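Everything quoted here is computed from the prediction, not taken from an experiment.
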Amino acid sequence: MQRISMLGSGFIGRFYADSLQGQRSRDKIVSIYSRREESAKKFAADYSVDHWTLDMEESIAHPDVDIVCIALPNNLHEAAVALCCKHKKGVICTKPLGRNAEEAKRMLEAVEKAGIFNGYLEDLVYTPKFLKALDSVQHGALGRILWAKSRETHPGPHSEWFWDKEQAGGGCILDLGCHCVEIARSFIGKDIKPVEVMCWADTQVKPIDAEDHAIGLVKYENGAIGQFEVSWTFRGGLDLRDEVMGTEGTIWLNSFLRTGFDMFTTGKGADYVAEKAESNSGWLFPVGDELNELGYNHMFADMFHAKEGNRPARETFYDGYVVNAILDAAYRSAATKLWEPVKLDIWRGKSGLSKHITLVEYDAQYYLVKEEMTHFGAKKLILKDKASGQIIERVIE
(Lines give C-alpha, C1' and ligand atoms only; values in the text may rest on other atoms or scores of the structure.)
Protein backbone atom coordinates (compact mmCIF):
# COMPACT_ATOMS: atom_id res chain seq x y z
CA MET A 1 0.00 0.00 0.00
CA GLN A 2 1.19 3.50 -0.85
CA ARG A 3 0.00 6.45 1.23
CA ILE A 4 -0.07 9.54 -0.94
CA SER A 5 0.11 13.27 -0.52
CA MET A 6 -1.73 14.82 -3.45
CA LEU A 7 -0.53 18.30 -4.33
CA GLY A 8 -3.30 19.90 -6.34
CA SER A 9 -7.06 19.46 -6.20
CA GLY A 10 -7.95 20.52 -9.74
CA PHE A 11 -8.81 18.66 -12.94
CA ILE A 12 -5.70 16.48 -13.18
CA GLY A 13 -5.54 15.90 -9.42
CA ARG A 14 -9.03 14.44 -9.57
CA PHE A 15 -8.19 12.28 -12.58
CA TYR A 16 -5.22 10.94 -10.63
CA ALA A 17 -7.31 10.39 -7.51
CA ASP A 18 -9.92 8.40 -9.43
CA SER A 19 -7.17 6.09 -10.65
CA LEU A 20 -5.08 5.95 -7.47
CA GLN A 21 -8.00 4.76 -5.39
CA GLY A 22 -9.34 2.60 -8.18
CA GLN A 23 -7.36 -0.14 -9.92
CA ARG A 24 -5.02 -1.28 -7.13
CA SER A 25 -7.59 -0.44 -4.43
CA ARG A 26 -5.04 -0.69 -1.62
CA ASP A 27 -3.44 2.75 -2.25
CA LYS A 28 -4.83 5.78 -0.41
CA ILE A 29 -4.54 9.55 -0.57
CA VAL A 30 -3.96 10.54 3.05
CA SER A 31 -3.30 14.27 2.58
CA ILE A 32 -4.46 16.87 0.06
CA TYR A 33 -2.77 20.22 -0.48
CA SER A 34 -4.60 22.92 -2.38
CA ARG A 35 -4.11 26.64 -2.83
CA ARG A 36 -7.82 27.22 -2.15
CA GLU A 37 -9.58 26.15 1.06
CA GLU A 38 -12.91 25.42 -0.61
CA SER A 39 -11.25 23.17 -3.17
CA ALA A 40 -9.18 21.36 -0.52
CA LYS A 41 -12.24 20.64 1.62
CA LYS A 42 -14.31 19.39 -1.31
CA PHE A 43 -11.52 17.12 -2.55
CA ALA A 44 -11.06 15.72 0.97
CA ALA A 45 -14.79 15.02 1.23
CA ASP A 46 -15.10 13.49 -2.25
CA TYR A 47 -12.13 11.13 -1.81
CA SER A 48 -12.37 10.48 1.96
CA VAL A 49 -9.04 12.14 2.68
CA ASP A 50 -8.46 12.69 6.40
CA HIS A 51 -5.98 15.55 6.16
CA TRP A 52 -6.22 18.72 4.08
CA THR A 53 -4.02 21.81 4.18
CA LEU A 54 -3.15 25.05 2.41
CA ASP A 55 0.51 24.54 3.35
CA MET A 56 2.40 22.45 0.79
CA GLU A 57 5.23 21.49 3.10
CA GLU A 58 2.79 20.35 5.79
CA SER A 59 1.23 17.89 3.35
CA ILE A 60 4.58 16.58 2.11
CA ALA A 61 6.01 16.21 5.62
CA HIS A 62 2.89 14.51 7.02
CA PRO A 63 4.06 11.41 8.93
CA ASP A 64 1.60 9.11 7.16
CA VAL A 65 2.79 10.07 3.66
CA ASP A 66 4.98 7.60 1.72
CA ILE A 67 5.01 9.31 -1.67
CA VAL A 68 4.03 12.70 -3.08
CA CYS A 69 2.05 13.18 -6.29
CA ILE A 70 2.54 16.60 -7.92
CA ALA A 71 -0.55 17.73 -9.83
CA LEU A 72 0.22 21.45 -9.77
CA PRO A 73 0.79 24.18 -12.38
CA ASN A 74 4.16 23.90 -14.11
CA ASN A 75 5.73 26.85 -12.29
CA LEU A 76 5.25 25.10 -8.91
CA HIS A 77 6.88 21.77 -9.77
CA GLU A 78 10.42 22.68 -8.79
CA ALA A 79 9.47 24.06 -5.38
CA ALA A 80 7.42 20.95 -4.64
CA VAL A 81 10.26 18.64 -5.68
CA ALA A 82 12.68 20.57 -3.44
CA LEU A 83 10.41 19.97 -0.45
CA CYS A 84 10.15 16.25 -1.29
CA CYS A 85 13.95 16.09 -1.30
CA LYS A 86 14.12 17.96 2.00
CA HIS A 87 11.77 15.48 3.68
CA LYS A 88 13.09 12.41 1.81
CA LYS A 89 9.71 11.56 0.31
CA GLY A 90 9.41 9.73 -3.00
CA VAL A 91 7.88 11.91 -5.70
CA ILE A 92 5.90 11.42 -8.89
CA CYS A 93 5.29 14.49 -11.04
CA THR A 94 2.79 15.30 -13.76
CA LYS A 95 4.01 16.26 -17.20
CA PRO A 96 5.88 18.32 -18.33
CA LEU A 97 8.53 17.95 -15.65
CA GLY A 98 9.73 21.54 -16.00
CA ARG A 99 8.93 24.68 -17.93
CA ASN A 100 12.28 24.17 -19.65
CA ALA A 101 15.26 21.82 -19.57
CA GLU A 102 17.14 23.86 -16.96
CA GLU A 103 14.31 23.46 -14.46
CA ALA A 104 13.98 19.78 -15.30
CA LYS A 105 17.73 19.23 -14.92
CA ARG A 106 17.75 20.85 -11.48
CA MET A 107 14.86 18.61 -10.39
CA LEU A 108 16.56 15.50 -11.78
CA GLU A 109 19.82 16.29 -10.01
CA ALA A 110 17.97 17.11 -6.77
CA VAL A 111 16.06 13.81 -6.51
CA GLU A 112 19.13 11.78 -7.43
CA LYS A 113 21.25 13.61 -4.87
CA ALA A 114 18.55 13.05 -2.23
CA GLY A 115 18.30 9.37 -3.20
CA ILE A 116 14.50 9.40 -3.43
CA PHE A 117 12.20 7.51 -5.77
CA ASN A 118 11.10 9.62 -8.74
CA GLY A 119 8.56 9.01 -11.48
CA TYR A 120 7.47 11.05 -14.48
CA LEU A 121 3.69 10.85 -14.99
CA GLU A 122 3.55 10.56 -18.77
CA ASP A 123 0.27 8.70 -19.02
CA LEU A 124 0.07 8.34 -22.81
CA VAL A 125 3.00 5.89 -22.89
CA TYR A 126 0.95 3.65 -20.59
CA THR A 127 -2.25 3.37 -22.63
CA PRO A 128 -3.22 -0.25 -23.40
CA LYS A 129 -2.96 0.31 -27.15
CA PHE A 130 0.45 1.96 -26.83
CA LEU A 131 1.83 -0.78 -24.58
CA LYS A 132 0.68 -3.45 -27.03
CA ALA A 133 2.16 -1.55 -29.98
CA LEU A 134 5.45 -0.92 -28.16
CA ASP A 135 5.76 -4.61 -27.31
CA SER A 136 5.33 -5.46 -31.00
CA VAL A 137 7.94 -2.89 -32.00
CA GLN A 138 10.43 -4.09 -29.39
CA HIS A 139 10.01 -7.68 -30.58
CA GLY A 140 10.89 -6.65 -34.13
CA ALA A 141 7.48 -6.84 -35.82
CA LEU A 142 8.14 -3.57 -37.68
CA GLY A 143 11.85 -4.10 -38.28
CA ARG A 144 14.04 -1.03 -37.93
CA ILE A 145 11.96 2.00 -36.97
CA LEU A 146 12.25 4.82 -39.50
CA TRP A 147 9.50 7.24 -38.49
CA ALA A 148 7.21 7.72 -35.50
CA LYS A 149 4.46 10.33 -35.50
CA SER A 150 2.16 11.42 -32.69
CA ARG A 151 -0.73 13.87 -32.80
CA GLU A 152 -2.64 15.43 -29.91
CA THR A 153 -5.12 18.18 -30.66
CA HIS A 154 -8.15 19.58 -28.84
CA PRO A 155 -9.90 22.93 -28.18
CA GLY A 156 -7.59 23.85 -25.30
CA PRO A 157 -6.84 23.03 -21.65
CA HIS A 158 -9.24 23.31 -18.72
CA SER A 159 -7.53 25.58 -16.19
CA GLU A 160 -6.63 29.26 -16.46
CA TRP A 161 -2.93 28.86 -15.66
CA PHE A 162 -2.28 26.86 -18.85
CA TRP A 163 -3.06 29.99 -20.86
CA ASP A 164 -0.53 32.11 -18.92
CA LYS A 165 2.88 31.76 -20.60
CA GLU A 166 4.81 32.59 -17.42
CA GLN A 167 3.08 29.98 -15.27
CA ALA A 168 2.92 27.29 -17.94
CA GLY A 169 6.27 27.96 -19.63
CA GLY A 170 4.78 27.81 -23.12
CA GLY A 171 1.70 26.85 -25.08
CA CYS A 172 0.60 23.68 -26.84
CA ILE A 173 4.19 22.59 -27.63
CA LEU A 174 4.94 22.19 -23.94
CA ASP A 175 1.46 21.03 -22.90
CA LEU A 176 0.86 18.46 -25.65
CA GLY A 177 4.24 18.09 -27.33
CA CYS A 178 5.64 16.47 -24.19
CA HIS A 179 3.24 13.55 -24.76
CA CYS A 180 3.98 13.28 -28.48
CA VAL A 181 7.75 13.50 -28.13
CA GLU A 182 7.88 10.74 -25.51
CA ILE A 183 5.59 8.49 -27.56
CA ALA A 184 7.81 8.82 -30.65
CA ARG A 185 10.98 8.55 -28.55
CA SER A 186 9.71 5.30 -27.02
CA PHE A 187 9.02 3.73 -30.41
CA ILE A 188 12.37 4.85 -31.86
CA GLY A 189 14.24 3.84 -28.71
CA LYS A 190 14.82 5.91 -25.60
CA ASP A 191 18.53 5.07 -25.80
CA ILE A 192 18.78 6.71 -29.24
CA LYS A 193 19.96 10.31 -28.96
CA PRO A 194 17.76 13.11 -30.32
CA VAL A 195 20.08 15.49 -32.18
CA GLU A 196 18.09 18.34 -33.75
CA VAL A 197 14.60 19.74 -34.21
CA MET A 198 12.75 21.69 -36.89
CA CYS A 199 9.49 23.26 -35.73
CA TRP A 200 6.77 25.58 -37.01
CA ALA A 201 4.55 27.25 -34.43
CA ASP A 202 2.03 30.08 -34.46
CA THR A 203 -0.80 31.66 -32.51
CA GLN A 204 -3.66 31.22 -34.94
CA VAL A 205 -6.84 31.53 -32.88
CA LYS A 206 -6.49 32.10 -29.14
CA PRO A 207 -5.82 35.58 -27.67
CA ILE A 208 -2.70 34.43 -25.80
CA ASP A 209 1.04 35.13 -25.84
CA ALA A 210 2.02 31.47 -26.37
CA GLU A 211 1.56 29.28 -29.45
CA ASP A 212 -1.74 27.44 -29.99
CA HIS A 213 -0.65 25.27 -32.94
CA ALA A 214 2.65 23.61 -33.87
CA ILE A 215 4.21 20.90 -36.03
CA GLY A 216 7.73 19.59 -35.46
CA LEU A 217 10.31 17.08 -36.64
CA VAL A 218 12.87 15.51 -34.29
CA LYS A 219 15.92 13.94 -35.92
CA TYR A 220 17.61 11.06 -34.07
CA GLU A 221 21.24 10.02 -34.28
CA ASN A 222 20.44 6.74 -36.05
CA GLY A 223 18.55 8.56 -38.82
CA ALA A 224 15.03 7.96 -37.48
CA ILE A 225 12.54 10.83 -37.46
CA GLY A 226 9.97 11.67 -34.80
CA GLN A 227 7.09 13.97 -35.71
CA PHE A 228 4.60 15.82 -33.52
CA GLU A 229 1.40 17.66 -34.35
CA VAL A 230 -0.17 19.62 -31.51
CA SER A 231 -2.95 22.18 -31.30
CA TRP A 232 -5.30 24.00 -28.97
CA THR A 233 -7.36 25.09 -31.99
CA PHE A 234 -8.79 21.71 -33.10
CA ARG A 235 -12.59 21.53 -33.01
CA GLY A 236 -14.34 18.26 -32.28
CA GLY A 237 -12.89 16.94 -29.04
CA LEU A 238 -9.66 15.22 -28.06
CA ASP A 239 -7.80 13.66 -30.98
CA LEU A 240 -4.99 11.25 -30.02
CA ARG A 241 -3.32 9.36 -32.87
CA ASP A 242 0.05 7.68 -33.38
CA GLU A 243 1.74 6.13 -36.40
CA VAL A 244 4.91 4.05 -36.50
CA MET A 245 6.68 2.98 -39.69
CA GLY A 246 9.51 0.47 -39.92
CA THR A 247 11.33 -1.48 -42.58
CA GLU A 248 9.01 -4.45 -42.05
CA GLY A 249 5.67 -2.91 -41.12
CA THR A 250 3.43 -0.12 -39.89
CA ILE A 251 1.22 0.53 -36.85
CA TRP A 252 -1.66 3.02 -36.67
CA LEU A 253 -3.19 3.88 -33.30
CA ASN A 254 -6.30 5.94 -32.59
CA SER A 255 -6.62 6.26 -28.84
CA PHE A 256 -9.53 8.56 -28.18
CA LEU A 257 -11.66 10.34 -30.77
CA ARG A 258 -12.60 7.25 -32.77
CA THR A 259 -13.16 4.71 -30.03
CA GLY A 260 -15.39 2.16 -31.75
CA PHE A 261 -18.27 3.53 -29.63
CA ASP A 262 -20.48 5.92 -31.64
CA MET A 263 -23.70 7.38 -30.26
CA PHE A 264 -26.29 9.88 -31.48
CA THR A 265 -28.41 11.85 -29.02
CA THR A 266 -30.55 14.97 -29.10
CA GLY A 267 -28.92 15.91 -25.80
CA LYS A 268 -31.86 15.04 -23.57
CA GLY A 269 -30.42 13.78 -20.30
CA ALA A 270 -26.85 14.05 -21.62
CA ASP A 271 -23.97 14.78 -19.30
CA TYR A 272 -20.19 14.27 -19.40
CA VAL A 273 -19.11 12.29 -22.48
CA ALA A 274 -15.28 12.29 -22.51
CA GLU A 275 -12.38 14.60 -21.72
CA LYS A 276 -12.51 17.78 -23.84
CA ALA A 277 -15.64 16.68 -25.69
CA GLU A 278 -17.19 19.85 -27.10
CA SER A 279 -20.81 18.76 -27.13
CA ASN A 280 -23.22 16.38 -25.44
CA SER A 281 -25.61 16.16 -28.39
CA GLY A 282 -25.43 14.95 -31.99
CA TRP A 283 -22.99 12.21 -32.94
CA LEU A 284 -20.72 11.51 -29.99
CA PHE A 285 -17.74 9.23 -29.38
CA PRO A 286 -17.85 8.15 -25.72
CA VAL A 287 -14.92 6.43 -24.06
CA GLY A 288 -15.63 3.16 -22.30
CA ASP A 289 -13.08 3.51 -19.48
CA GLU A 290 -11.40 6.87 -19.66
CA LEU A 291 -8.88 6.28 -16.87
CA ASN A 292 -7.76 3.08 -18.53
CA GLU A 293 -7.79 4.35 -22.12
CA LEU A 294 -5.63 7.34 -21.14
CA GLY A 295 -3.12 5.13 -19.34
CA TYR A 296 -3.58 6.37 -15.76
CA ASN A 297 -4.22 2.94 -14.23
CA HIS A 298 -1.20 1.30 -15.83
CA MET A 299 0.97 4.33 -15.07
CA PHE A 300 0.31 4.38 -11.32
CA ALA A 301 0.54 0.60 -11.09
CA ASP A 302 4.02 0.79 -12.66
CA MET A 303 5.09 3.66 -10.39
CA PHE A 304 4.09 1.90 -7.19
CA HIS A 305 5.27 -1.55 -8.22
CA ALA A 306 8.63 0.06 -9.10
CA LYS A 307 8.85 1.85 -5.76
CA GLU A 308 7.94 -1.28 -3.82
CA GLY A 309 10.37 -3.35 -5.91
CA ASN A 310 13.20 -0.84 -5.46
CA ARG A 311 13.60 -0.38 -9.21
CA PRO A 312 13.22 2.61 -11.54
CA ALA A 313 9.82 3.27 -13.06
CA ARG A 314 9.43 3.04 -16.83
CA GLU A 315 9.30 6.85 -16.84
CA THR A 316 11.58 8.80 -14.49
CA PHE A 317 12.66 12.41 -14.04
CA TYR A 318 15.47 11.66 -16.49
CA ASP A 319 12.89 11.01 -19.21
CA GLY A 320 11.14 14.25 -18.30
CA TYR A 321 14.44 16.10 -18.62
CA VAL A 322 15.16 14.67 -22.10
CA VAL A 323 11.66 15.62 -23.25
CA ASN A 324 12.12 19.17 -21.96
CA ALA A 325 15.44 19.44 -23.82
CA ILE A 326 13.78 18.38 -27.08
CA LEU A 327 10.95 20.88 -26.58
CA ASP A 328 13.45 23.67 -25.83
CA ALA A 329 15.00 22.97 -29.24
CA ALA A 330 11.52 23.09 -30.79
CA TYR A 331 10.90 26.55 -29.34
CA ARG A 332 14.28 27.78 -30.61
CA SER A 333 13.54 26.39 -34.06
CA ALA A 334 10.10 28.00 -34.17
CA ALA A 335 11.83 31.34 -33.57
CA THR A 336 14.81 30.93 -35.94
CA LYS A 337 13.08 28.85 -38.68
CA LEU A 338 16.17 26.61 -38.64
CA TRP A 339 17.11 23.12 -37.46
CA GLU A 340 18.17 23.61 -33.84
CA PRO A 341 20.38 21.20 -31.85
CA VAL A 342 19.02 19.36 -28.81
CA LYS A 343 21.20 20.45 -25.88
CA LEU A 344 21.58 17.56 -23.45
CA ASP A 345 24.00 18.15 -20.60
CA ILE A 346 23.04 14.72 -19.25
CA TRP A 347 22.80 11.81 -21.72
CA ARG A 348 22.67 8.18 -20.60
CA GLY A 349 21.97 6.40 -23.88
CA LYS A 350 23.98 5.32 -26.89
CA SER A 351 26.38 7.72 -28.60
CA GLY A 352 28.22 7.87 -31.90
CA LEU A 353 25.54 6.11 -33.97
CA SER A 354 25.29 6.71 -37.69
CA LYS A 355 22.44 6.44 -40.16
CA HIS A 356 21.75 2.80 -40.98
CA ILE A 357 21.54 2.00 -44.69
CA THR A 358 20.30 -1.42 -45.79
CA LEU A 359 21.18 -2.69 -49.27
CA VAL A 360 19.23 -5.81 -50.20
CA GLU A 361 21.12 -8.11 -52.51
CA TYR A 362 19.19 -9.51 -55.48
CA ASP A 363 22.12 -11.13 -57.24
CA ALA A 364 25.76 -10.42 -58.02
CA GLN A 365 24.84 -7.53 -60.33
CA TYR A 366 21.79 -5.92 -58.73
CA TYR A 367 20.34 -4.62 -55.48
CA LEU A 368 16.60 -5.15 -54.95
CA VAL A 369 14.66 -1.87 -54.73
CA LYS A 370 11.11 -3.27 -54.74
CA GLU A 371 9.18 -6.43 -55.50
CA GLU A 372 5.44 -6.47 -56.25
CA MET A 373 2.71 -8.58 -57.80
CA THR A 374 0.85 -6.85 -60.64
CA HIS A 375 -2.89 -6.91 -61.28
CA PHE A 376 -2.32 -9.11 -64.33
CA GLY A 377 -0.59 -11.82 -62.29
CA ALA A 378 3.06 -11.17 -63.08
CA LYS A 379 5.79 -10.35 -60.59
CA LYS A 380 7.62 -7.07 -61.14
CA LEU A 381 11.07 -6.34 -59.78
CA ILE A 382 12.71 -2.92 -59.51
CA LEU A 383 16.49 -3.38 -59.47
CA LYS A 384 19.56 -1.15 -59.14
CA ASP A 385 22.79 -1.97 -60.91
CA LYS A 386 25.58 -2.08 -58.32
CA ALA A 387 28.22 -0.71 -60.64
CA SER A 388 26.40 1.91 -62.74
CA GLY A 389 23.57 2.84 -60.39
CA GLN A 390 21.04 2.41 -63.21
CA ILE A 391 17.49 1.52 -62.14
CA ILE A 392 15.72 -1.12 -64.23
CA GLU A 393 12.51 -3.10 -64.00
CA ARG A 394 12.11 -6.78 -64.74
CA VAL A 395 8.79 -8.59 -65.17
CA ILE A 396 8.66 -12.27 -64.33
CA GLU A 397 5.64 -13.98 -65.91
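Counting only distance, with no hydrogens or angles, the side chain of Lys28 and the backbone of Ile4 share no donor-acceptor pair below 3.5 Å. Asn324 contributes a side-chain N or O that, together with a main-chain N or O of Gly98, makes up a donor-acceptor pair within less than 3.5 Å. Side-chain atoms of His154 come within 3.5 Å of backbone N or O of Gly156 as a donor-acceptor pair. At distances below 3.5 Å, not a single donor-acceptor pair connects side-chain atoms of Thr247 with backbone N or O atoms of Gly143. In this structure, the side chain of Gln21 engages the main chain of Ile29 through a donor-acceptor pair within 3.5 Å. Checked by atom type and distance alone, the side chain of Glu37 never pairs as donor or acceptor with a backbone atom of Ser39 at under 3.5 Å. In this structure, His305 contributes its side chain and Ala313 its backbone to no donor-acceptor pair below 3.5 Å.
For Trp200, the CH2 atom is densely surrounded, since the number of other residues' heavy atoms within 6.0 Å is greater than 12. In Lys337, the NZ atom is crowded: over 12 heavy atoms of neighbouring residues, nucleotides or ligands sit closer than 6.0 Å. The neighbour count for Lys42 NZ, taken as heavy atoms of other residues, nucleotides or ligands under 6.0 Å away, does not exceed 12. The number of heavy-atom neighbours closer than 6.0 Å to NZ of Lys129, taken from other residues, nucleotides and ligands shown, is above 12. Heavy atoms from other residues, nucleotides or ligands lying under 6.0 Å from CD of Glu38 number 12 at most.
Counting only N and O atoms by type, the side chains of Thr153 and Ser231 include no donor and acceptor under 3.5 Å apart. No side-chain N or O of Tyr33 forms a donor-acceptor pair with one of Glu57 less than 3.5 Å apart. Side-chain contact, Ser186 with Glu182: no donor N or O sits under 3.5 Å from an acceptor N or O. Side-chain contact annotation: Ser31 with Ser5, donor-acceptor N/O pair under 3.5 Å absent. Side chains of Trp161 and Asn75: no donor on one and acceptor on the other come within 3.5 Å. Residues Tyr16 and Thr94 have side chains that bring a donor and an acceptor to within less than 3.5 angstrom of each other. Counting only N and O atoms by type, the side chains of Tyr318 and Asn118 include no donor and acceptor under 3.5 Å apart. Gln2 and Glu308 share a side-chain donor-acceptor pair at under 3.5 Å. Looking only at atom types and distance, the side chain of Asp135 has a donor-acceptor partner in the side chain of His139 under 3.5 Å away. Counting only N and O atoms by type, the side chains of Asp212 and Thr233 include no donor and acceptor under 3.5 Å apart.
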Lys149 and Glu229: CA distance, side-chain angles, deciding distance, salt bridge (charged side-chain N to carboxylate O under 4.0 Å, His left out) verdict: CA-CA 8 Å; Lys149 171 185 173 183; Glu229 300 177 1; 3.2 Å; yes
CA sep, side-chain torsions, deciding dist, call: Lys370, Glu372, salt bridge (charged side-chain N to carboxylate O under 4.0 Å, His left out): CA-CA 7 Å; Lys370 184 183 179 185; Glu372 65 180 354; 3.3 Å; yes
Salt bridge (charged side-chain N to carboxylate O under 4.0 Å, His left out) between Lys190 and Glu315, worked out: CA-CA 10 Å; Lys190 293 203 294 184; Glu315 294 285 318; 3.0 Å; yes
Ring pair (Phe, Tyr, Trp, His ring centres under 6.0 Å) between Tyr47 and Phe43, worked out: CA-CA 6 Å; Tyr47 294 99; Phe43 187 104; 4.7 Å; yes
Could you pull out all donor-acceptor pairs under 3.5 Å where a side-chain atom in residues 203-210 meets a protein atom, sequence neighbours excluded?
from, atom 1, to, atom 2, distance (Å)
Thr203, OG1, Ala210, O, 2.8
Gln204, OE1, His213, ND1, 2.6
Lys206, NZ, Pro155, O, 3.1

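Residues Ile392 and Val360 share a hydrophobic cluster, clusters being chains of Ile/Leu/Val/Met/Phe/Trp/Tyr side chains in contact below 4.5 Å. Cluster membership for Val230 and Met198, using ILVMFWY side-chain heavy atoms within less than 4.5 angstrom, is not shared. Note on Leu174 and Trp163: same hydrophobic cluster, where clusters join Ile, Leu, Val, Met, Phe, Trp and Tyr whose side-chain heavy atoms are under 4.5 Å apart, directly or indirectly. There is no path of hydrophobic side-chain contacts, each under 4.5 Å, that joins Leu217 to Val342. Note on Leu344: it does not cluster hydrophobically with Trp339, by side-chain heavy-atom contacts below 4.5 Å among ILVMFWY residues.
In this structure, Lys219 pairs ionically with Glu196, as a charged nitrogen and a carboxylate oxygen lie closer than 4.0 Å. The residues Asp46 and Arg14 are annotated as salt-bridged, a charged nitrogen and a carboxylate oxygen being separated by less than 4.0 angstrom.
Aromatic ring centres of Phe11 and Phe15 lie closer together than 6.0 Å. Aromatic ring centres of Tyr126 and Phe300 lie farther apart than the 6.0 Å criterion allows. Taking the six-membered ring wherever Trp is involved, the centroid distance between the rings of Phe187 and Phe130 falls below 6.0 Å.
Between the CZ atom of Phe256 and the CD atom of Glu152 there is a distance of 9.5 Å, given to the nearest 0.5 Å. Here the straight-line distance linking atom OH of Tyr120 with atom OG1 of Thr316 works out to 10.5 Å at 0.5 Å rounding. Once rounded to the nearest 0.5 Å, the distance linking CE of Met6 with SG of Cys69 reads 4.0 Å. Rounded to the nearest 0.5 Å, atoms CD (Glu211) and CG (Asp202) are 9.5 Å apart. With rounding to the nearest 0.5 Å, the separation of CD1 in Ile183 from CD in Gln227 is 13.0 Å. Note that CZ of Arg35 and CG of Asp55 are 14.5 Å apart. Values are rounded to the nearest 0.5 Å.
A cation-pi arrangement is found for Lys386 relative to Tyr367, the charged atom lying closer than 6.0 Å to the ring centre and inside a 45° cone about the ring normal. Under a cutoff of 6.0 Å and an axis angle of 45°, Arg151 and Phe234 form a cation-pi pair.
When all heavy atoms of Ala133 and Leu253 are compared, the closest pair comes out as CB-CD1, 3.9 Å. Nearest heavy-atom pair across Ser333 and Leu338 is OG-O, 2.7 Å. Closest heavy-atom contact between Lys95 and His179: CE-NE2, 3.3 Å. Heavy-atom minimum distance, Ile173 versus Ala214: CG1-CB, 3.4 Å. Of all the heavy atoms in Pro341 and Ala329, the pair that sits closest is O-CB, 3.6 Å.
If you run salt bridge (Lys or Arg N to Asp or Glu O under 4.0 Å) between Asp302 and each of Arg314, Lys307, Arg311, only Arg311 comes through. Among the candidates Leu20, Asp123, Asn292, Thr127, the single residue satisfying the side chain to side chain contact (heavy atoms under 4.5 Å, CB included) test with Asn297 is Asn292.
Listed by first and then second residue, the salt bridge (Lys or Arg N to Asp or Glu O under 4.0 Å) pairs involving residues 99-120 are Glu78-Arg106, Arg99-Glu103, Arg99-Glu166, Lys105-Asp345, Glu112-Arg348 (not counting sequence neighbours).
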